[in-house]
Amino acid sequence: MSNRMWGGRFATGPDAIMEEINASIGFDQKLWRQDIRASLAHAAMLGRTGILTSEDVQAITDGLKAVEAEIESGGFTFSRALEDIHMNVESRLRELIGPAAGRLHTARSRNDQVATDMRLWVRDTADLIDQQIADVQLALAGKAAEHAGSVMPGFTHLQSAQPVTFGHHLLAYVEMLARDRGRFADARRRMNECPLGAAALAGTSFPIDRHATAAALGFSRPTANSLDSVSDRDFALEMLSAASITAMHLSRFAEEIVLWTTPQFGFVRLSDKFTTGSSIMPQKRNPDAAELVRGKAGRVFGALQGLLTMMKGLPLTYSKDMQEDKEGVFDALQTLSLCLAAIGGMVRDMEPDTKAMRKAAGLGYATATDLADWLVRVLKMPFRDAHHVTGKLVGLASSRNVGLEKLSLEEMQAVEPAITEEVFAVLGVERSVKSRTSHGGTAPALVRREAARWLKSLRKEAAAD
Ligand code: ARG
């Protein structure tokens with residue numbers, strides 16, 4: 001049997017393989033809410049403009065709501081022969097209300113329909129992701145406030161560099177996530193135009209009101225060019241770019257959790273809620289959730305790469321290749337959503353071992369820069385010379401296998417006679433972090449203020465939602 005939706009000129013139905021490669025219902029059924037929402041808006045507009053009678057519109061509206069209830073309750077049977085979500089819904093509508101169902105597709109095409117459904121889905125999901133990012137920020141800022149003064153090693157090249165505070169480190173991620181939210185918000189603003197009514201590609205001869213459908217679906221305006229409307233997927237690409245950058249940030253944090261929870265670092269502990277055991281090594285506590293956040297970033301990046309590659313050769317306007325936009329977009333955004341939930345959970349769960357962090361902060365001559373700065377400040381030495389003197393002192397301490405503070409004044413004076421007793425005050429890690437008071441620095445007072453500022457604005461935003 002030929003397809004009832006488009007089979008007028010076809011004598012027979014498709015080959016089984018044709019059906020298998022062509023059907024998208026296996027994955028695009030995810031769009032059912034958006035598809036019905038857009039159809040309801042379209043039908044209402046067709047009524048208001050007099051293109052359909054109010055009786056037809058009423059029947060279509062009631063029918064679509066009945067289909068929606070069926071899908072919602074799990075009582076709907078999706079059919080592969082009907083290819084995709086659009087035809088599955090319309091076919092069921094016809095079973096429920098009869099021939100009036102056939103009028104719903106007046107002045108539209110599956111091309112503008114799927115573009116609209118995808119935008120709605122991406123927008124809905126991006127809104128959820130935005131809230132989740134804000135929630136992770138809130139968790140990080142809360143921990144940062146608690147640990148504004150907890151000293152830990154700061155690293156460059158993963159080598160001890162200078163002491164910082166744990167709160168400062170966590171707030172670095174709050175900043176990254178703020179930019180991530182900005183990227184999602186920018187992409188949302190740009191994508192918030194409604195393609196519905198572009199029809200197959202050229203627009204329609206019916207007197208439709210595209211502004212009405214755009215407004216009904218929460219879009220800022222209708223898209224301006226019908227060809228662009230059905231062939232553009234850069235809204236999805238932008239969201240995937242934003243998602244990729246966010247996933248990369250989460251992955252870096254996940255990597256740090258993996259490092260920090262090793263016995264060798266021992267900076268933080270995750271409870272049983274976010275660790276797993278090994279089936280052979282009874283002592284193991286594995287940070288699987290963090291590893292998976294790190295690992296899943298690859299899928300998100302892959303979706304971006306996949307969609308870019310799929311789109312790059314397509315002439316205007318729609319080609320069926322574009323049906324391949326869906327699985328990657330669905331998977332990437334849902335993966336990111338899961339990763340955000342996992343990171344939020346781990347941040348709230350993690351208990352830093354402040355003693356271990358403090359101890360590690362003093363290793364690796366982390367206060368060498370403080371010593372050099374002291375030589376500049378107090379002895380008025382040029383920084384390059386101070387760097388050299390400090391290097392000699394570090395070499396001396398290192399050959400003895402002791403910290404800088406363990407050198408005697410005489411030993412120091414043998415390298416630089418002008419050094420006085422005062423120097424020992426800057427060799428402590430607490431003093432070091434306290435002195436970093438430049439804008440954006442790690443001094444506990446600044447970190448406390450920054451954490452409070454973030455908490456205030458995030459809590460205010462959460463209360464307004
Ligand atoms: N399932 C299709 C997709 O996802 C819907 C659009 C089909 N359009 C067409 N001209 N065959 O892209």
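Residues: numbered from 1 along the sequence shown. The shown structure was predicted, so the numbers you read here are calculated from the model rather than taken from an experiment. Note that ligands are numbered from 1 as they come in the structure, with each ligand's atoms numbered from 1 the same way.
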Chemist: Thinking salt bridges, do Arg188 and Asp127 make one under a 4.0 Å N-O criterion?
Modeler: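 Looking at Arg188 and Asp127, the cut-off is met.
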Chemist: Salt bridge check: are Asp84 and Arg110 linked by an N-O gap of less than 4.0 Å?
Modeler: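 So Asp84 pairs with Arg110 through a salt bridge.
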Chemist: Should Lys359 and Asp353 count as an ion pair when the cut-off is N to O under 4.0 Å?
Modeler: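 No salt bridge links Lys359 with Asp353.
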Chemist: For ligand 1, what are the residues with a heavy-atom contact below 4.0 Å?
Modeler: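 Close residues (ligand 1, cut-off 4.0 Å): Ser24, Asp28, Asp84, His86, Arg110, Asn111, Val114, Tyr318, Gln323, Lys326.
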Chemist: Is there side-chain contact between Arg33 and Glu72, with heavy atoms separated by less than 4.5 Å?
Modeler: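 Counting from C-beta outward, Arg33 and Glu72 do come under 4.5 Å.
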Chemist: Is it true that Asp62 and Gln58 share a donor-acceptor pair across their side chains at a distance under 3.5 Å?
Modeler: yes
Chemist: Are more than 12 heavy atoms from other residues, nucleotides or ligands located less than 6.0 Å from atom CZ of Arg453?
Modeler: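 Yes, because the 6.0 Å sphere around CZ of Arg453 holds more than 12 heavy atoms from other groups.
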